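Just so you know, residue 1 is the first one in the sequence shown, and it goes up from there. Only a predicted model underlies this, so the values are computations on that prediction, with no experimental measurement involved.
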Amino acid sequence: MRQGSRLRLVLRDLGSGAAFASMAVSGQLPAWTLALYGLALVCALAGWRLFARRAKLTALLLLVAAVVLGMNVLAGALNLVVAACGFAGLISAHRLLSAPEPATDGQVHLSGLLMVAGGAALSGELVYGFFLVAFSVLSSLSLALGVVEAAVPEGEPMPVREVMRPLAKGLLFAVAGAVAFFILFPRLNWNMMGPRTSPGLGAATTGFSDTVRLGGAGTIKGNPRIVLRSTLSPDPGKEYLDAYWLGRTYDIFDGQEWTSVGRPPRGRLFMVTLRPGAEGLVHQRMELLPAYGARTAVALESPARLGNAAAHTQTGSRRITLQEMGGGEVRFLDPATSYTYEAYSLPPGGSGDKFEDLPADEQDALLTLPEAIDARVGQTAARVLNGEREPLAAARKLADWLQREHAYTLELSGDVEDPLADFLFERKAGHCEHFATALTLMLRTQGIRARLATGFFGGERVAGGYIVRAGDAHAWTHVLVPGRGFVTVDATPPSHRASQSSVVLQRLLALYEAMEAGWRSAVVDYSFRDQMDVARALVRPPRSRTGEEKPSRLPPLRAWAAALVAGMVAYAAWRVLARFLDRERPHEATRFVDAVEAQLASARLERPEGETLEDLDARLTREGHPLSPALSPITRRYLEARFGGRPLRQGEAAVLLATLKRAVADEARRAADESRTPRARRAS
């Protein structure tokens, strides 16, 4: 196999691999399809075409795979779109292992197109964009090399280095054209019709449950995966938020676990109102990402309303209802990979809840203590407070004492009989749940109502919004303050409230998140309205210093500039295209000599096998053949064009061929005359 052919096949196989990867990054393909395709790709790159001699027989394997996928679809275990994508990958795998023929090449490229289309249907995320570009470049290079290979005679080396540079220019031109097409062509958001999101890499690591076991979730603090993305209005404009994102609350502690008093679930609602409206509500557009892994809605503290929710699954997106549960939790009723919704929250400073408005069981629970609580808890609280009875001041006094006397650690000792006493009096070290539990129960021992709250703390600004990581999962205390409702008091040391994961890893994920947001804004969600906005911005009259538009009948200067740039680009493209069409093609000599050979064949010259055009010309010259005067200049120009760096000029080949054709015709007439002359003499 020639070097160029080997390179073409490697590019073709890698392009197919990129197309398959554009589907695989969605995380929705069955694992066995990933394994089969990966094995086929490795064998193909190693040059092992295992199905080359049994292509039709091995095609039966595809039938078996189709049956298995179909059964999974009928059983409801697999989505039809996912099954189709997986089958396209298996077809491509079979073609990779077949003999490298022109038909096989076309099938590999066609299956690659189907796979990138499937990848768009399954995810369309930023990583998909990378593999889409990789497939486009690799497959285009492979196709171009195939065209060059077809033009080079068998046995001659392919001019790979010579053609790579013009191929690279052609690719750049194609990418620029694709970008212009993307911006200018009217668009429809097809992604709205298909699955919008994927579960991502790895299992979800955070979530809410009906109970919180003290000391049971410390390792989450080291997880940098992004679980929540939000845009706020009004925008605080800070790089880092010291905000509390509330999920739910707990009010009963039995010495080991926190639970809620509970409340009968209310009916399904599209908008859940938790508290009366107020001035200065903070509006949030929330997105719970696949790494979140729960169905509890989260909002800035204190949430007043939540609704307009949509669930995103592997089969598409749909609007869903919410349900209010116990502990102030608002839950999505439908399982999904991710959720989007809107939330309104009260300004920081308190929930506004009045004690008298709370259900009786919740009022009682706010002072409930474990039956076997260590007596030292109350004694220590009384000693620290030293007579302080105002709830908020007492809570802050105890929080300061806990931060001063106790250390933060994620190194837990496992289950102990009394985790609160172990934290306060033995280990004197723990994480946020220990600090929050200790503060809540110490307040209750002094007759001050409080409860445990869980959610997230922090917020890192990325692309105009804020992201929250799994490691930002947090617990804190709600203190019931007369006239203000529940007020947050956090006993955890401030430096340990946010994520404890690697800073480098967090920055890398934040960079990826920024690119992902840019991809969504500029590509996935780029709409016809955005295109119209760009067009209107070009023709909009300029504004004065006061912000008013200057009236004018002529388009503004930027419109003229844009038109000038567009004209220059069009002219440059036309020049490049014209130069490409009129260029001298070195390999025209190959086609030229094929036409010469055809003319010579019509002259019925007897040629020994393997005699080249040079040998024939030399022989006819020695023999004084009538065709020699016409063939000699043709042979010379062919050699100059093929090997001497003097390509045939435009129309030169036609002139030479016409000369040869006339010489062949003259020779044919002369031969015919000679054949008739002897017969005339015999007749006389």
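Residues Arg6 and Val10 are in side-chain contact: their nearest non-hydrogen atoms beyond the backbone lie under 4.5 Å apart. By the 4.5 Å heavy-atom criterion applied to side chains, Arg469 and Phe456 are not counted as neighbours. Here the side chains of Val64 and Leu60 are not in contact, with every heavy-atom distance at 4.5 Å or above. Side-chain contact between Val298 and Leu228 is present, with heavy atoms from C-beta onward closer than 4.5 Å. Between Tyr292 and Tyr339, the closest side-chain pair of non-hydrogen atoms is not below 4.5 Å. Counting heavy atoms from C-beta outward, Leu333 and Ile320 have side chains that stay 4.5 Å or more apart. Side-chain contact between Trp245 and Gln284 is present, with heavy atoms from C-beta onward closer than 4.5 Å. Proximity of Leu61 to Phe51: side-chain heavy atoms (C-beta onward) are separated by under 4.5 Å at one or more points.
Remark: Leu138 CG to His109 NE2 distance equals 10.5 Å, nearest 0.5 Å. With values rounded to the nearest 0.5 angstrom, Ser98 atom OG is found 8.0 Å from Gln107 atom CD.
A salt bridge is defined here as a Lys NZ or Arg NE, NH1 or NH2 lying under 4.0 Å from an Asp or Glu carboxylate O, and Arg461 with Asp235 meets this definition.
For CH2 of Trp32, the number of neighbouring non-hydrogen atoms (other residues, nucleotides, ligands) closer than 6.0 Å is greater than 12.
Checking Glu287, Arg285, His312 one by one against Thr340, the side-chain hydrogen bond (donor to acceptor under 3.5 Å, both in side chains) holds for a single residue, His312. The side chain to side chain contact (heavy atoms under 4.5 Å, CB included) test with Leu289 is passed by exactly one of Val227, Ile226, Ile467: Ile226.
Of all the heavy atoms in Gly15 and Ser139, the pair that sits closest is CA-OG, 4.0 Å. What you find for Leu322 and Ala309 is that their closest heavy atoms are CD2-CB, 4.0 Å. Annotation for Pro335 and Arg318: closest pair O-NH2, 4.0 Å, computed over non-hydrogen atoms. The minimum heavy-atom distance linking Leu96 with Arg49 is given by the pair O-NH1, 2.7 Å. Between Ser16 and Tyr37, the shortest heavy-atom contact is OG-OH, 2.7 Å. Of all the heavy atoms in Thr296 and Leu288, the pair that sits closest is O-CD1, 3.8 Å.
Within the 6.0 Å centre-distance limit, the rings of Tyr341 and Phe332 are counted as a close aromatic pair.
A cation-pi geometry, defined here as NZ or CZ lying under 6.0 Å from the six-membered ring centre and within 45° of its normal, holds between Arg319 and Phe270.
Distance alone, capped at 3.5 Å, places no donor-acceptor pair between the Thr104 side chain and the Pro100 backbone. In this structure, the side chain of Tyr466 engages the main chain of Lys238 through a donor-acceptor pair within 3.5 Å. Within the 3.5 Å criterion, the main-chain N or O of Ser111 finds no donor-acceptor partner in the side chain of Ser92.
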CA sep, side-chain torsions, deciding dist, call: Val137, Leu141, side chain to side chain contact (heavy atoms under 4.5 Å, CB included):
CA-CA 6 Å; Val137 172; Leu141 288 174; 4.1 Å; yes
Would Asp334 and Arg295 count as a salt bridge (Lys or Arg N to Asp or Glu O under 4.0 Å) if you check the C-alpha gap in whole Å, the side-chain angles of each, and the deciding distance to 0.1 Å?
CA-CA 8 Å; Asp334 301 308; Arg295 283 195 260 170; over 6 Å; no
